[in-house]
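Throughout, a chain's letter reflects where its sequence line sits, starting with A, and its residues are numbered from 1. Keep in mind it's a predicted model, so treat the numbers as computed, not measured.
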Amino acid sequence: MKKRNWVTMLFALTLAVSLVGCAKGESKSAEGEAADGEQKPVEISIGTMTYGESPSSDLDSITQLNEELNVKLDIDFYPINSYKEKVNALLASKSLPDVILIEDIQDPAFSTATEQGAFWDLTPYIKDYPNLAAYPENAYENTKFLGKTFGIPRVRPLDGHESLMIRQDWLDQVGLKAPATMDELYQVLEAFTKNDPDQNGKNDTYGMAQASVSGYLMSMFGAGTTWKEQADGTLLPYWMTDEAKTALEFWSKAYADGLITPDLPVMKSSQVKEMIIQGKAGVAIANVNEAFMFGQELKKIHPEAELKAFEIPAAPDGKKYHEQAYGSYGVFLVNKLTVDEAKLKKILEVYNATADEEGYNLITYGLKDVDYTVSEDGSIVQTDEGKKKAYGTATTAQWISGYFNKYQRAEAPDMPAEVKEYNYKLIDAITNSSVVNPAAGLPVTEAWMERGGDWQKKFVDMYTNVLIGKSSLADWDAFIAGLQADANFQQHLKDTADSYKSK
Amino acid sequence: MIMQEVVVTLSQSNTEHAILASGSERERGGKKRSRLERMKVIIAREKYLYVLALPGLLFFLIFKYFPIWGLALAFQNYSPYLGFWGSEWVGLKYFYDFFTNPDFLLLFRNTMAISLLNIMFFFPVPIVLSLLINEVRSLKFKKTIQTIIYLPHFLSWVIIAGICFIILGQSDGIINKIIVELGGQPIGFLTEPNYFWGLLTAQSIWKEAGWGTIIFLAALAGINQDLYEAAQIDGANRWKQMLNVTLPGIKSTIIVLLILRLGQVMEVGFEQVYLMMSSPVSHVADVFDTYVYRTGIQNGRFSYATVVGIFKSVVGLLLVVMANRLAKKFGEEGLY
């Protein structure tokens, strides 16, 4: 650590010097613009994540946008696996680009900097940009900080990220229907594990593939989305509710009976996909469209297989609970150190231009008929050329905020019409029962900033250990009781409740 | 080879000191020359050596000594946006927080346990390995073995963790598949806290033992062959030769390396622990390095993480000083 700090210090120093240099250069160019009337392109640097390769900044799509808006975009892609560390290091060394994507505005490192005025407050500007202003209200509401909009939300559908993916052919094989209650779900998991649904004569299948513990496992029992409002108007973290304990009893029993992949604590989410497409497990929690996408790969090995997405079964109280997403994944913050108001407007113009379907497709997939083609049913097919240039949702789409498409998570390339229709209906059904996080957009408490990391880790450890039977439910009760008695944690709950009430 | 050179230079500088010391004694009676003048003379005489040393000195000054001021972060509530000059000074607050943290003892225990296991079981392996390789007659065979055992060093921890998951996984791992075929119950090697420290040590040995032999082999090559001849004439068999010629020959290298290793007792290899850590084993796996990563990098508490870093360094320094004293007490040369 010591070494890292030395490096940080050095960086900070050299960058401080270079920043001074940059600032001077910019004011000069601004003067130049005024003088010769012909405006020079505005240089805009953007930092974002990538799930794959790092596309270059001189793609045709970018060149086209540069010319249209008289800008010069310079986009840096950082790999997703170390994104948070990378961004924190950029912040610590004061070398953030003009526009930076951060996953969560409440992240302690960034929330402090935002409070201290490091980023532009976009609240008064958004309304002038029709495409950005057209984003659903929740997308802005959930990403507010101190009641203001600091970031352009990367808009995402509210529902469809949580559904139950089930092997329909296995259900038929064991003579069960899609589970409507938790008891039925248990039966399905049990039958998938013990009744040899793949008919290979070996006891080699699991009911459910699950990588590490997740909030879904509790929220589907009605524990609430991240927080749950109590009768007295205060909030309780979802895992401290009674429903969470019911969920723990259910899942720890399922794990003990061998219905869930035993590697749960050490599995990565990519391994869930592997288990499903290799036909080793019959149930998983996934995006609605992933049932179709995984199914395509599964059929290569098991042509008779059929994967379908379903609603989450009803909790013991008879209601269905899905978590509603925040309506965005990450926000773009605009750096106040390097951006003046004129440049800010230019940046918003860029984001506005890419926030409709046309702009989104240009940036994500490149030039039509060169980098992608549109098939008869209207879905987009990337050409080899386009793939080679690293266009795609995992790469180029990551630096824009995009447009709102409620059914985005129902669609996938090459999807037959009847599957698409089924998925649309499923999303509509999920929307009816999805629960919003009551604390979304509330400020992070001081107690959480100091100790949140520790609490979070202890909770995840305890949750995992109880689920896999290394700790008992009595340990869980003791853990919750310990937090109830912790003055700091109580302060955290009280502050959260206070800001919720005054929201 | 490198260590050999270091040892040689160390002994040379020792003799030089001795000469200087006797020189100054000789002059004590006569005209007393000031320290500065003597320095000047030495510098003038050895000017090319000093010029040669200059880049190294500058490197240490710029990259190692100058940034030490960054440690001052530990006494601040450091905020990157406000920077070093704007951040609030909080005195020993974070030191207090760290030492009163209920997890402190747990972190300390885990770090020490993993490290000591490493020194006990990993450290001797390269020595034994290099002694074995040294006994091999066929040069071709020797080179082949060396190449093969160096190889794992070039694999990253990510890959080794991946291999471990493939071999030891509970639902899919090769070993568990065999156990189940034979009618046994699958064992959660990766999630069983009792196995965790052993697993880490075994991984370290597998990855680094071969690479570790390089220095010892170099030291072995430096042993005077006449000694073996003399031993043979005295009737010593190969075992006796190893005990009485080879081992004493590399003793100082072993001790220097051991002292250096002790200085890193608080560094247990972040990547390895981080990659192998999961909730069921986290109470035996959480060490200072992973803690610093969590609090400092992930939660952005830079000052607090600096405190942990300082603590680690101080402990390391103390151990080096103590080990060096101990080595000297037993008549060894030590580090300095």
Could you report the tightest heavy-atom contact between [X] and [Y], atom names first, then the distance?
X: A/Pro265; Y: B/Ser278; value: O-CB, 3.7 Å
X: B/Phe302; Y: A/Ala92; value: CZ-CB, 4.0 Å
X: A/Lys470; Y: B/Pro193; value: CE-CD, 3.9 Å

Could you tell me which of B/Thr191, B/Asn101, B/Val281 has the largest number of non-hydrogen atom pairs under 4.5 Å with chain A?
-> B/Thr191

Can you tell me how far the [atom1] atom of [X] sits from the [atom2] atom of [Y], to the nearest 0.5 Å?
X: B/Met277; Y: A/Lys457; atom1: CE; atom2: NZ; value: 5.0 Å
X: A/Met267; Y: B/Leu190; atom1: CE; atom2: CG; value: 12.5 Å
X: B/His283; Y: A/Asn465; atom1: NE2; atom2: CG; value: 7.5 Å
X: B/Ser279; Y: A/Leu467; atom1: OG; atom2: CG; value: 10.5 Å

Test side chain to side chain donor-acceptor pair (under 3.5 Å) applied to B/Gln264 - qualifying residues, sequence neighbours left out | none

Tell me, for B/Phe165 versus chain A, whether the close heavy atoms (under 4.5 Å) come from the side chain, the backbone, both or neither.
-> side chain

Measure distances from B/Phe288 to the heavy atoms of chain A and classify the residue's part below 4.5 Å as side chain, backbone, both or neither.
-> neither

Heavy atoms of other groups near [X] [atom1], more than 12 under 6.0 Å:
X: A/Gln490; atom1: CD; value: yes
X: A/Tyr51; atom1: OH; value: yes
X: B/Phe60; atom1: CZ; value: no

So do A/Lys458 and B/Asp103 actually touch side chain to side chain, heavy atoms under 4.5 Å?
-> yes

Please tell me if the side chains of B/Arg294 and A/Asp454 come closer than 4.5 Å, counting only heavy atoms from C-beta onward.
-> yes

Part of [X] lying under 4.5 Å from any heavy atom of chain B:
X: A/Met449; answer: backbone
X: A/Tyr463; answer: neither
X: A/Leu91; answer: both
X: A/Asp263; answer: both

Any donor-acceptor N or O pair under 3.5 Å, side chains A/Glu450, B/Tyr304 = no

A/Lys280: salt bridge (charged side-chain N to carboxylate O under 4.0 Å, His left out) partners, not counting sequence neighbours | B/Asp172

